[in-house]
Amino acid sequence: MSTPFHLHNKTVLVTGASSGIGRQVAISCSAMGARLVITGRDEKRLAETYSLLTGEGHSQFTCDLMDEGQRNQLFDNIPAIDGFVHSAGIVLPVPVKFVAEKHLRHIMGVNFESAVLSIARLLKNKKLNDKASLVFFSSISVSYPYAGGSLYTASKGAIEAYSKNLAIEIIPKKMRSNVIVPAMVKTPLYEETKNQSMYRSPEEYESKYPLGLGMPEDIANAAIYLLSDASKWVTGINLTLDGGFSIVK
């Protein structure tokens with residue numbers, strides 16, 4: 001049976017592929033037939049991701065996207081791509097009265113500026129094939145804010161606005177831009193921070209999700225859909241994945 005839900009003959013670039021959601025997106029995309037270009041700052045962990053990829057023809061590049069020289073070198077040397085998944089990002093709680101310029105620059109830089117500057121370089125270098133699909137990550141915290149999250153949620157809100165404007169500008173080439181908006185996902189980061197929740201226990205927090213917390217594979221499956229030809233009529237959207245959190249909140 002023929003299906004559009006595959007990534008055969010597509011080259012996909014995944015940033016932040018050394019761990020968490022980025023790693024799973026890369027692994028899942030390779031299993032669906034894509035040729036992967038993966039990048040991240042941690043050379044050892046990036047190599048671990050590379051070792052888990054299915055198929056052949058993949059490549060890996062250690063790169064700090066906040067370093068202009070490294071970023072430009074990366075986008076000058078990769079092949080033309082059919083898909084881009086920007087998974088690089090950080091979560092850094094900072095109460096508003098303690099926000100300093102260093103926090104603003106760091107969080108906005110990693111979560112927002114790195115994505116914008118990456119796309120600009122890819123377009124200038126003609127590294128995006130016609131009909132390319134671009135996927136970014138936001139967070140439901142944009143709609144459900146929390147104490148200490150002002151800079152993080154601002155950076156994710158900026159990504160959502162940017163993606164819609166980007167979608168308009170790239171549509172003449174039949175390129176698409178969309179945002180995945182996850183709730184809490186069980187990544188190593190969650191395991192590190194779950195006891196810092198405002199709820200009395202991790203179990204109390206998890207009870208807010210009727211379908212349970214998300215797994216990296218759930219997010220990767222959504223990314224595959226947006227990268228595949230199955231979503232060729234989809235652009236400029238925010239796709240919420242929250243296990244029912246928003247309907248019982």
Side-chain angles (χ1 to χ4, degrees), residues 15-16 19-25 85-100 103-116 134-167 177-226 231 234-249:
T15 71
S19 65
I21 290 174
R23 169 174 286 183
Q24 187 59 57
V25 168
V85 182
H86 187 67
S87 186
I90 57 169
V91 179
L92 180 64
V94 185
V96 290
K97 69 178 179 180
F98 295 122
V99 170
H103 301 129
L104 181 62
R105 291 190 178 278
H106 185 47
I107 295 173
M108 293 300 293
V110 175
N111 290 352
F112 178 65
E113 292 178 24
S114 67
V116 173
L134 314 178
V135 179
F136 304 93
F137 288 105
S138 180
S139 165
I140 64 163
S141 61
V142 173
S143 299
Y144 299 94
Y146 60 96
S150 62
L151 295 184
Y152 176 73
T153 56
S155 70
K156 293 303 185 180
I159 279 288
E160 291 184 15
Y162 170 74
S163 175
K164 291 181 185 299
N165 285 272
L166 174 62
S177 177
N178 295 290
V179 179
I180 294 175
V181 186
M184 187 58 69
V185 178
K186 281 193 172 183
T187 65
L189 178 63
Y190 171 73
E191 295 303 322
E192 293 173 11
T193 62
K194 66 181 180 181
N195 291 321
Q196 301 172 22
S197 168
M198 63 180 285
Y199 295 99
R200 287 188 292 270
S201 69
E203 291 73 24
E204 181 183 2
Y205 178 72
E206 292 177 16
S207 71
K208 302 296 181 179
Y209 292 82
L211 298 181
L213 296 185
M215 300 300 291
E217 292 87 347
D218 298 318
I219 312 304
N221 289 340
I224 289 168
Y225 165 67
L226 292 174
S231 63
V234 178
T235 192
I237 71 160
N238 297 333
L239 178 59
T240 298
L241 307 176
D242 68 359
F245 177 90
S246 59
I247 60 174
V248 299
K249 176 69 174 174

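Just so you know, residue 1 is the first one in the sequence shown, and it goes up from there.
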(request) Apply side-chain contact (heavy atoms from CB on, under 4.5 Å) to Ser19 and list each qualifying residue two or more places apart in sequence or on a separate chain. (result) Arg45

(request) For a side chain to side chain contact (heavy atoms under 4.5 Å, CB included) with Ile237, tell me which candidate from Thr235, Val234, Thr240 qualifies. (result) Val234

(message) Test of understanding: with side-chain contact (heavy atoms from CB on, under 4.5 Å), list the residues that count as partners of Ala183, not counting sequence neighbours.
(response) Ile140, Tyr209, Asp242

(request) Please answer whether the main-chain N or O of Gly22 pairs with a side-chain N or O of Ser87 as donor and acceptor at a distance below 3.5 Å. (result) yes

(request) Mind checking side-chain hydrogen bond (donor to acceptor under 3.5 Å, both in side chains) for Ser177 and listing every partner two or more places apart, or none if nothing turns up? (result) Ser163

(request) Give, for atom OH of Tyr146 and atom OG1 of Thr153, the distance between the pair rounded to the nearest 0.5 Å. (result) 6.5 Å

(request) Can you sort out the partners of Glu160 under side-chain contact (heavy atoms from CB on, under 4.5 Å), two or more places apart, ordered by chain and number? (result) Ser138, Val142, Val179, Val181, Asn238

(request) Measure the spacing between CD of Glu217 and CD1 of Ile21 and express it to the nearest 0.5 Å. (result) 10.5 Å

List the atom pairs, donor and acceptor, that lie under 3.5 Å between side-chain atoms in residues 105-116 and the rest of the protein, sequence neighbours left out.
residue, atom, partner, partner atom, Å
Arg105, NE, Glu101, OE2, 2.7
Arg105, NH2, Glu101, OE2, 3.0
Asn111, OD1, Ile90, N, 2.8
Asn111, ND2, Ile90, O, 3.0
Asn111, ND2, Ser155, OG, 3.1
Ser114, OG, His86, NE2, 3.1
Ser114, OG, Val110, O, 2.6

(message) Please enumerate all residues that pass side-chain hydrogen bond (donor to acceptor under 3.5 Å, both in side chains) together with Ser150, with sequence neighbours excluded.
(response) none

(message) Would you compute the distance between atom CD of Glu206 and atom CG of Leu213 and round it to the nearest 0.5 angstrom?
(response) 4.5 Å

(request) Mind listing the closest non-hydrogen atom pair of Ala222 and Leu241 along with its distance? (result) CB-CD1, 3.6 Å

(request) Kindly compute the distance separating CG (Asp218) from NZ (Lys186), expressed to the nearest 0.5 Å. (result) 11.5 Å

(message) Set out, in order, the CA-CA distance, both residues' side-chain angles and the distance that settles side-chain contact (heavy atoms from CB on, under 4.5 Å) for Val94 and Tyr152, then state yes or no.
(response) CA-CA 9 Å; Val94 185; Tyr152 176 73; over 6 Å; no

(request) Identify, with sequence neighbours excluded, every residue that meets side-chain contact (heavy atoms from CB on, under 4.5 Å) alongside Pro182. (result) Phe137, Ile180, Val185, Ile219

